[in-house]
Amino acid sequence: MNTILSVNCQDIVFVTVASLGKTVMQMTVSGSASFTALMEHIRGKVENLDGLLTIDIRNRSQGTAARRVMRMRRSGMGLLRAQMQGYAA
């Protein structure tokens, strides 16, 4: 399932996001002009999640699928950890 996925604006793409084996989000996306644009859209939707995410993508229009793993960190977490360790003011 780790194939290169091509995406066109007319394609309907199903996305499932899992964290620690549990599905945390499912969505249907259309209108993405490229795989990169699709991943940026997904990244924007999961930006409030923290940790390692498994993203299963299925392009219904072309009959292809892919799996990606993404590490997310909530914004501000780095500063909070730095403050707790005494590195930031």
Subject >> Considering all heavy atoms, the nearest Val46-Met72 contact >> reply: O-CE, 3.8 Å
Subject >> Close side-chain approach of Met27 and Val29, heavy atoms under 4.5 Å >> reply: yes
**OP:** Determine the minimum heavy-atom distance between Gln26 and Thr23, stating which atoms define it.
**Re:** CG-CG2, 3.8 Å
**OP:** Give a yes or no on whether the backbone of Gln10 and the side-chain of Asn8 come within a donor-acceptor separation of less than 3.5 Å.
**Re:** no
Original post:
Side chains of Ile57 and Met39: closer than 4.5 Å at any heavy-atom pair?
Top reply: yes
Subject >> Closest contact, heavy atoms only, Ala66 versus Arg68 >> reply: CB-NH1, 4.0 Å
Subject >> Stepwise side chain to side chain contact (heavy atoms under 4.5 Å, CB included) test for Ile55 and Thr16 >> reply: CA-CA 6 Å; Ile55 303 169; Thr16 302; over 6 Å; no
Subject >> Any Val13 side-chain heavy atom under 4.5 Å of Leu38 side chain >> reply: yes
Original post:
Looking only at heavy atoms, what is the nearest atom pair of Lys45 and Met25, with distance?
Top reply: O-CE, 3.4 Å
Original post:
Is there a side-chain contact between Ser34 and Val7, using heavy atoms and a 4.5 Å cut-off?
Top reply: no
Subject >> Spacing of CD1 belonging to Ile12 relative to CZ belonging to Arg60, to within rounding of 0.5 Å >> reply: 4.0 Å
Original post:
Are Ser6 and Gln62 close enough that a side-chain donor and a side-chain acceptor fall under 3.5 Å?
Top reply: yes
Subject >> Exercise: identify the closest heavy-atom pair between Arg67 and Asp56 >> reply: NE-OD1, 2.6 Å
Original post:
Donor-acceptor pair, Thr28 side chain versus Phe14 backbone, under 3.5 Å?
Top reply: no
